[in-house]
Enquirer: 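What follows is a structure written as structure tokens; I'll ask about it next.
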Amino acid sequence: MPLMLYNTMSRRKEAFQPLDPDRVGMYVCGPTVYDCAHIGNARPVIVFDVLYRLLKRLYPNVVYVRNITDVDDKINARARDNDETIGELTARTTQAFHQDAAALNTLPPDIEPRATAHIGHMVTMIQTLLAKGHAYEAEGHVLFSVPSMPDYGRLSGRSQDELIAGARVEVAPYKKDPADFVLWKPSPGDLPGWDSPWGRGRPGWHIECSAMSSEYLGVTFDIHGGGQDLVFPHHENELAQSVCAHGQPFARYWLHNGYLMVEGEKMSKSLGNFFTVRDLLDQAPGEAIRLTMLTTHYHQPFDWTAEGLRQSRTALDRLYLALRGVAGIRPEGRDELPVDVLAALKDDINTPMAIAHLHELATQLNKAVTTAEKARCKGALLAAGDVLGLLQQDVEAWFRWTPTGSSGLDDAAVEALVQRRIDARKAKDFAEADRIRQELADAGIVLEDGAGSTAWRRGC
RNA sequence: GGCCGGGUGGCAGAGUGGCUAUGCAGAGGACUGCAAAUCCUUGUACGUCGGUUCGAUUCCGGCCUCGGCCUCCA
């Protein structure tokens with residue numbers, strides 16, 4: 001079965017056929033670095049990480065580009081509010097983003113270009129658009145002329161008439177058409193600016209992705225991803241600029257992850273349901289956050305709930321318990337992705353289905369009797385985990401995770417109590433053994449007596 | 001107003017024109033010093049009204065309802 005992907009452009013699932021199977025290109029819109037990432041930002045990071053891992057399985061050479069937007073009016077405003085320089089703000093938030101992405105067990109992209117390092121390329125593209133009559137200068141701005149592109153609006157599925165009718169924002173007086181958008185705008189002395197044929201200024205939002213994607217992946221490339229909210233206007237405009245400047249097709253497959261809500265409501269600061277990835281990492285392991293995100297198909301709206309996170313932790317407990325049971329056995333077939341997991345992911349990245357198979361593999365592992373069988377099941381489970389970015393940490397590390405600022409028993413204290421209980425059991429002093437069990441239970445520690453040993457873990 | 005995507009068992013969440021995932025929670029059983037874990041068994045699910053069909057949760061249409069987008073929020 002070929003890899004099937006839902007293409008926003010055609011509104012249907014299509015068989016993926018790369019332009020060049022020896023160099024598959026994927027561009028995903030990365031963060032604007034003005035603040036810590038919130039959980040909505042985390043969704044595309046995780047979803048496209050799974051696609052990246054899958055593509056790497058299927059093709060020998062995948063180039064994953066995810067940009068950092070480090071020039072933006074929100075950045076300017078935030079730096080002023082924080083009383084820090086723009087450079088300090090963007091460096092700090094970029095680093096925080098990298099830490100969060102790593103905590104969610106996502107692979108770094110192959111190339112992570114920053115917008116400010118590609119201003120020259122953007123200027124060149126804007127000049128081309130001007131020369132071809134797709135852009136015009138007005139009051140120090142350069143604007144893209146939407147009417148100059150007949151099939152503008154195809155990606156987001158709206159006609160130019162609709163755009164004009166629906167425009168609810170005051171139209172800047174220098175625009176020839178209400179739908180026209182900024183390619184370049186003037187910068188006063190106190191804002192970041194670069195010299196250009198149109199004076200000192202800074203780029204509009206959309207042009208950076210057009211410039212950087214073509215620089216690293218070519219003017220036509222395979223996959224372009226991002227959140228659904230970017231379909232319009234960002235991706236529509238990127239597409240328009242790129243096609244008009246280069247005269248060739250742009251991205252061939254457009255993938256968009258659905259929106260994120262919190263406890264059934266739109267996430268917003270005013271509702272008090274706004275979480276950063278950081279906030280959550282203090283309360284739950286990154287792997288649990290990752291699994292939670294993957295339990296809903298990427299294309300569906302995702303409802304983040306405390307209960308959902310709890311269930312994911314329980315699910316990971318189950319999977320890691322299965323692995324703990326075969327800790328001493330060397331896995332077999334570690335590199336062979338189980339066929340049903342592969343099939344699920346090849347069907348438009350059906351992670352919920354893949355996770356269901358993960359559970360079935362765990363059940364098989366739990367039921368395995370012979371060592372050979374256990375080794376095979378363990379290998380299959382781990383291989384399935386690899387492509388999902390799950391089950392890769394040390395089993396005991398998973399069970400010992402503690403929330404930030406926890407004041408409970410530390411590992412050594414738990415070990416000491418467990419040992420005292422083992423001694424009590426050997427002496428058949430079950431009253432003392434049960435007292436210790438209760439003491440540990442009160443501290444959130446679950447004990448599991450096995451043949452000749454006692455394992456422990458921290459409950460949720 | 002225009003456009004888009006949803007409504008599945010107690011909960012989350014896939015999927016399918018007939019054989020009805022998976023996990024959590026619940027019930028019963030096996031195992032266990034007690035537990036936990038594990039395994040086995042179990043639960044008349046598909047918003048509503050019509051249509052197509054031998055048969056629809058799955059296809060088509062109306063309706064209800066939820067959410068989103070409509071110029072810079074992933």
Side-chain angles (χ1 to χ4, degrees), chain A residues 8 11 28-32 37-48 69 72-74 146 153 156-159 161-172 175 178-182 204-206 225-234 236-237 256-261 264-268 291-292 295-297 299-303 305 307-319 321-322 324-325 340 344 347 350-360 362-363 365-367 425 428-431 433-434 437-438 441 446-450 454-457 459:
Chain A
T8 304
R11 284 161 216 290
V28 175
C29 289
T32 300
H38 61 254
I39 53 174
N41 298 315
R43 174 121 101 140
V45 173
I46 293 169
V47 162
F48 290 106
T69 298
D72 182 273
D73 287 352
K74 284 194 295 296
V146 167
S156 54
R158 52 194 88 200
S159 71
D161 293 345
E162 285 168 16
L163 290 169
I164 295 161
R168 64 180 182 186
V169 170
E170 210 179 316
V171 177
K175 286 189 180 180
D180 292 349
F181 56 90
V182 171
W205 176 33
H206 319 297
Q228 204 143 63
D229 55 324
L230 294 181
V231 175
F232 189 88
H234 183 52
E236 192 72 72
N237 291 350
H256 293 99
N257 61 271
Y259 297 97
L260 184 133
M261 304 201 301
E265 291 181 302
K266 180 173 178 167
M267 179 171 74
S268 72
L291 175 62
T292 305
T295 52
T296 297
H297 184 89
H299 206 251
Q300 300 289 0
F302 178 84
D303 190 14
T305 62
E307 172 60 16
L309 177 60
R310 208 215 90 243
Q311 289 200 6
S312 293
R313 294 188 65 174
T314 307
L316 283 165
D317 275 346
R318 178 174 188 268
L319 299 173
L321 277 168
R324 183 186 244 180
D340 45 7
D347 184 13
N350 192 336
T351 53
M353 178 76 92
I355 290 163
H357 291 313
L358 212 57
H359 280 290
E360 285 164 355
T363 302
L365 176 55
N366 286 331
K367 287 161 76 169
R425 289 181 75 213
K428 300 268 189 236
D429 184 355
F430 293 120
D434 288 349
R437 175 192 286 289
Q438 189 56 50
V446 180
L447 296 185
E448 279 155 15
D449 293 330
T454 295
W456 63 274
R457 61 190 162 96

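Treat the numbers as computed from the prediction; the structure is a model and nothing was measured. All chains are named by letter (A, B, ...) in the order of the sequence lines, taking the proteins before the strands, and each is independently numbered beginning at 1.
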Enquirer: Give the rounded distance in Å between these two atoms: NE2 of A/His256 and P of B/C73.
Expert: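 The distance from NE2 of A/His256 to P of B/C73 comes to 15 Å, rounded to the nearest Å.
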Enquirer: Starting from P on B/C24, measure out to CD on A/Glu307 and report it in whole angstrom.
Expert: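 Going from A/Glu307 (CD) to B/C24 (P), I get 12 Å.
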Enquirer: Using only side-chain N and O atoms of A/Asn41, determine if any of them is under 4.0 Å from OP1 or OP2 of B/A74.
Expert: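 Answer is yes, contact under 4.0 Å.
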Enquirer: In this structure, how many angstroms lie between the C1' atom of B/A37 and the CZ atom of A/Arg457, rounded?
Expert: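 These atoms are roughly 7 Å apart.
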Enquirer: When you measure from the side chain of A/Arg318, which nucleotide among B/C39, B/G33, B/A74 comes out closest?
Expert: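 Selected nucleotide: B/C39.
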Enquirer: Take A/Asp317 and A/Arg324 through the salt bridge (Lys or Arg N to Asp or Glu O under 4.0 Å) test and state the conclusion after the steps.
Expert: CA-CA 10 Å; A/Asp317 275 346; A/Arg324 183 186 244 180; over 6 Å; no
Enquirer: For the pair A/Arg425 and A/Asp434, evaluate side chain to side chain contact (heavy atoms under 4.5 Å, CB included) and give the outcome as yes or no after the intermediate values.
Expert: CA-CA 9 Å; A/Arg425 289 181 75 213; A/Asp434 288 349; over 6 Å; no
Enquirer: Using 30° and 60° as the class limits, which term best fits the ring planes of A/His206 and A/Phe181: parallel, tilted or perpendicular?
Expert: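 Rings of A/His206 and A/Phe181: perpendicular, as their planes differ by over 60°.
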Enquirer: How close or far is atom P of B/U22 from atom CG of A/Leu316, stated in whole angstroms?
Expert: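 These atoms are roughly 19 Å apart.
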Enquirer: Find the distance A/Lys74:NZ to B/U71:C1' and express it as a whole number of Å.
Expert: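 Spelled out: NZ on A/Lys74 to C1' on B/U71 is 12 Å.
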Enquirer: Polar atom pairs between nucleotides 12-15 of chain B and protein, under 3.5 Å, N or O only, would you list them?
Expert:
unit_1	atom_1	unit_2	atom_2	d
B/G13	O3'	A/Thr295	O	3.4
B/A14	OP1	A/His297	N	2.6
B/A14	O3'	A/Asn350	ND2	3.1
B/G15	OP1	A/Asn350	ND2	3.1

Enquirer: Within the structure shown, what part of the strands sits under 4.0 Å from A/Asp434 by heavy-atom distance: base, sugar-phosphate, or nothing?
Expert: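 It contacts base atoms.
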Enquirer: I'd like the P distance from B/U58 over to B/C46, given in whole Å.
Expert: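 Straight-line distance between the two P atoms is 11 Å.
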Enquirer: Hey, which sits more toward the 5' end of RNA chain B by its nearest nucleotide, A/Ser156 or A/His206?
Expert: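 Nearest-nucleotide comparison on RNA chain B picks A/Ser156.
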Enquirer: For the pair made of NE2 in A/His234 and C1' in B/U71, what is the distance, rounded to whole Å?
Expert: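 Those two atoms, NE2 and C1', are 13 Å apart.
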Enquirer: With a cut-off of less than 4.0 Å, is there a side-chain N or O of A/Lys367 near OP1 or OP2 of B/C40?
Expert: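 Result: yes.
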Enquirer: To the nearest Å, how far apart are A/Gln228 CD and B/G68 P?
Expert: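 Distance, rounded to whole Å: 13 Å.
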Enquirer: Can you see if the side chain of A/Asn257 gets near the phosphate of B/A74 - specifically, an N or O under 4.0 Å from OP1 or OP2?
Expert: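 Result: no.
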Enquirer: Closer to the 5' end of RNA chain B via nearest nucleotide, is it A/Asp72 or A/His299?
Expert: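 Between the two, 5'-proximity favours A/His299.
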